[in-house]
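Notes to accompany the following structure.
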Amino acid sequence: MKHIYIETYGCQMNFADSEIVASLLQKEGYEVVSDINDADYVLINTCAIRDNAEQRIRKRLRELRAVQQRHPQLRIGILGCMAERLQSQLMVEEENVSFVVGPDAYRQLPSILARVSEQGVKAAETELSTTETYADIEPVRLGSNGISAYISIMRGCQNYCAYCVVPYTRGRERSRDPETIVAEARSLFEQGYKEVTLLGQNVNSYRWKTEGEEVGFPELMARVAEISPMLRVRFATSHPKDLSDSLLEVMAKYDNICKCIHLPVQSGSDRILKLMNRHYDSAWYLDRIAAIRRYMPDCSITTDVIAGFCTETEEEHQMTLEMFRKVRYDYAYMFKFSMRPNTYAEKHLQDDIPEAEKTRRLEEIIALQGQIALENNRREVGKIYEVLVEGESHRSKERLFGRNSQNKVIVFDRHDVMPGQYVKVKVVDCTAATLLGELCTQ
Ligand code: SAH
Ligand code: SF4
Ligand code: F3S
């Protein structure tokens with residue numbers, strides 16, 4: 001009765017958490033299986049960021065009823081942000097869910113699983129913590145390519161952007177001991193990994209304070225980068241309000257810190273940014289973009305944006321498009337505003353942009369961004385990049401794909417190259433999403 005199957009939805013932090021969950025349960029004798037039919041427990045690590053993220057989980061729960069009919073002993077548990085948001089109510093709404101465990105309660109999973117099976121009861125543990133960072137847990141890398149891995153460096157968020165559920169589902173912000181982060185990165189490098197991504201909802205707020213020691217994010221980045229020039233270091237996500245020059249300086253100094261910054265803009269309108277409680281305006285944001293370009297002319301910049309936030313006018317939507325034209329992002333995650341329960345927006349604002357209008361605005365942003373990405377990629381043709389090879393191209397076994405420092409995917413003929421190697425590739429063609437290259441003979 002000890003086989004677990006884990007399914008993960010949502011952001012990179014949820015994927016990192018699933019690896020912590022796997023580790024915690026393996027230590028207690030549970031085995032992670034890759035076929036749901038072999039499982040005694042299905043753990044679904046969920047996201048609550050938009051309503052459609054939650055609808056997807058509910059649909060998945062309906063599908064799982066068929067699996068439960070074939071395997072009546074199967075127990076389903078909900079982890080992550082939806083578990084935290086809905087707590088035990090979720091087990092009332094979804095009858096086939098046996099347990100609900102929030103993001104700070106994963107250490108209790110072994111005892112919860114035992115209780116659920118042995119006593120046939122349902123269980124919910126959703127208390128948030130101000131200190132839990134799982135710093136001592138060595139994650140079990142799930143579905144890993146053995147080349148690149150996530151390292152969670154902080155948890156929680158207290159920025160309270162008006163639209164966002166994360167402060168309610170992840171609790172207070174807290175940073176993890178830098179020693180444990182550097183040790184985890186070093187251990188990954190020794191196991192053959194070539195790339196680590198340091199994760200937090202707002203990595204610029206990373207701060208570790210003990211007597212006589214204070215470590216901020218730039219210093220942490222430097223420490224991880226010092227492990228080896230052969231270890232690439234990435235990070236996500238930065239909040240524009242505190243993207244500091246000292247971070248940019250450190251990024252520029254180390255070749256192995258990847259030249260890519262994800263800087264969610266959310267809107268191009270100052271009135272909307274204020275309403276969103278983002279603590280910056282468009283001038284500040286553009287100043288930060290200029291600073292990035294000053295320190296690292298070759299840095300790629302990506303973003304998140306929300307179309308149709310409460311009271312957004314057509315003119316304000318146009319300001320978002322204008323922002324996209326000014327910054328010329330390399331990639332963007334683009335969303336329609338989704339009203340989330342308990343947020344500032346839900347309590348104080350009206351979700352007054354009709355669905356069809358939100359869709360139109362979103363599609364306009366998507367179309368513009370597609371055009372910009374293609375134009376940006378065309379400028380890459382002729383350049384030579386160092387590429388970390390990740391695996392076979394999905395289309396052809398004869399081709400490999402990897403990424404350059406800027407996080408752009410490059411596909412090229414494999415010759416005798418192996419995944420995990422660094423190679424020089426010359427860009428010869430492109431689409432909006434991918435660069436096509438030729439291997440350079442050294
Ligand atoms: N901590 C990160 C973002 C985490 S959520 C940051 O602050 O940048 C990822 C993205 O989802 C956000 O940047 C935002 O663009 C989007 N998002 C969050 N809440 C949303 C909502 N209620 N409706 C639509 N998009 C939302
Ligand atoms: Fe949400 Fe804002 Fe925190 Fe990002 S910074 S997780 S958008 S509240
Ligand atoms: Fe979703 Fe929670 Fe991440 S709401 S985006 S899984 S922090």
Side-chain angles (χ1 to χ4, degrees), residues 7-18 21 44-57 78-86 102-104 126 128 150 152-173 199-206 235-243 261-268 272-273 275-280 285 288 301-310 312 320 323 329 331-347 349 351 353 355 358-359 361-362 365 369:
E7 242 172 54
T8 309
Y9 298 82
C11 65
Q12 293 162 330
M13 263 155 289
N14 252 15
F15 284 81
D17 277 4
S18 288
V21 166
I44 310 182
N45 197 354
T46 60
C47 175
I49 200 82
R50 283 167 291 275
D51 185 58
N52 58 11
E54 293 199 0
Q55 293 314 324
R56 200 170 154 206
I57 303 295
I78 299 291
L79 317 182
C81 291
M82 198 176 163
E84 191 61 46
R85 195 179 84 69
L86 294 164
D104 286 345
T126 49
L128 288 169
Y150 296 129
S152 199
I153 64 161
M154 58 192 295
R155 299 180 73 80
C157 179
Q158 57 215 42
N159 286 318
Y160 292 98
C161 299
Y163 49 80
C164 186
V165 287
V166 172
Y168 309 95
T169 63
R170 294 267 165 176
R172 306 287 291 173
E173 191 177 286
L199 294 179
Q201 288 296 356
N202 176 9
V203 286
N204 321 107
S205 327
Y206 175 87
F235 61 96
T237 297
S238 318
H239 193 300
K241 77 177 157 69
D242 34 35
L243 180 74
I261 297 188
H262 185 63
L263 202 64
V265 65
Q266 313 300 3
S267 166
I272 293 292
L273 286 170
L275 207 54
M276 285 176 163
N277 194 34
R278 288 291 286 177
H279 296 284
Y280 57 84
Y285 187 88
R288 294 295 78 206
I301 300 174
T302 62
T303 203
D304 295 347
V305 71
I306 299 176
F309 184 64
C310 309
E312 184 190 68
T320 296
M323 181 61 100
Y329 296 107
Y331 190 83
Y333 297 90
M334 298 163 276
F335 309 106
K336 264 191 274 190
F337 172 61
S338 164
M339 185 65 101
R340 307 307 291 131
N342 287 323
T343 57
Y344 178 92
E346 200 240 0
K347 289 183 189 146
L349 304 171
D351 188 7
I353 311 300
E355 191 59 24
K358 283 184 190 169
T359 304
R361 291 182 192 178
L362 177 65
I365 302 173
Q369 178 51 31

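As the structure is a computational prediction, the values presented were derived from the model and not from experiment. Every heavy atom of this structure was used, including side-chain atoms; hydrogens, water molecules and symmetry mates were not. Both ligands and their constituent atoms are indexed starting at 1 by order of listing.
- Of the N or O atoms in Q201, one or more lie within a sub-3.5 Å distance of an N or O in ligand 1.
- Only the side chain of I306 comes within 4.0 Å of ligand 1, counting heavy atoms alone; its backbone N, CA, C and O stay farther away.
- With hydrogens and angles left out, the side-chain atoms of K336 and N52 include no donor and acceptor closer than 3.5 Å.
- Taking a cut-off of 2.8 Å, the protein N, O or S atoms nearer than that to atom 3 (Fe) of ligand 3 are C11 SG.
- What sits closest to atom 7 (O) of ligand 1 on the protein, heavy atoms only, is R278 NH1, 3.5 Å.
- Taking each of Y163, F335, F309 in turn, the one with a heavy atom nearest to atom 20 (C) of ligand 1 proves to be Y163.
- Residue-ligand proximity: K336 is placed with a non-hydrogen atom under 4.0 Å from ligand 1.
- One option in R340, R50, Q266 has a heavy atom closer to atom 17 (N) of ligand 1 than any other, and that option is R50.
- Using a 4.0 angstrom heavy-atom cutoff, R278 counts as in contact with ligand 2.
- From the protein, the heavy atom lying nearest to atom 8 (O) of ligand 1 is P264 CG, 2.9 Å.
- Atom 10 (C) of ligand 1 has its closest protein heavy atom at D304 OD2, 3.3 Å.
- Expressed to the nearest 0.5 Å, how far CD1 of I365 lies from CE of M334 amounts to 8.0 Å.
- Using a 4.0 Å cut-off to heavy atoms of T237, the atoms of ligand 1 that qualify are 8 (O).
- Around atom 1 (Fe) of ligand 2, protein N, O or S atoms at a distance under 2.8 Å total 1; waters are neither shown nor counted.
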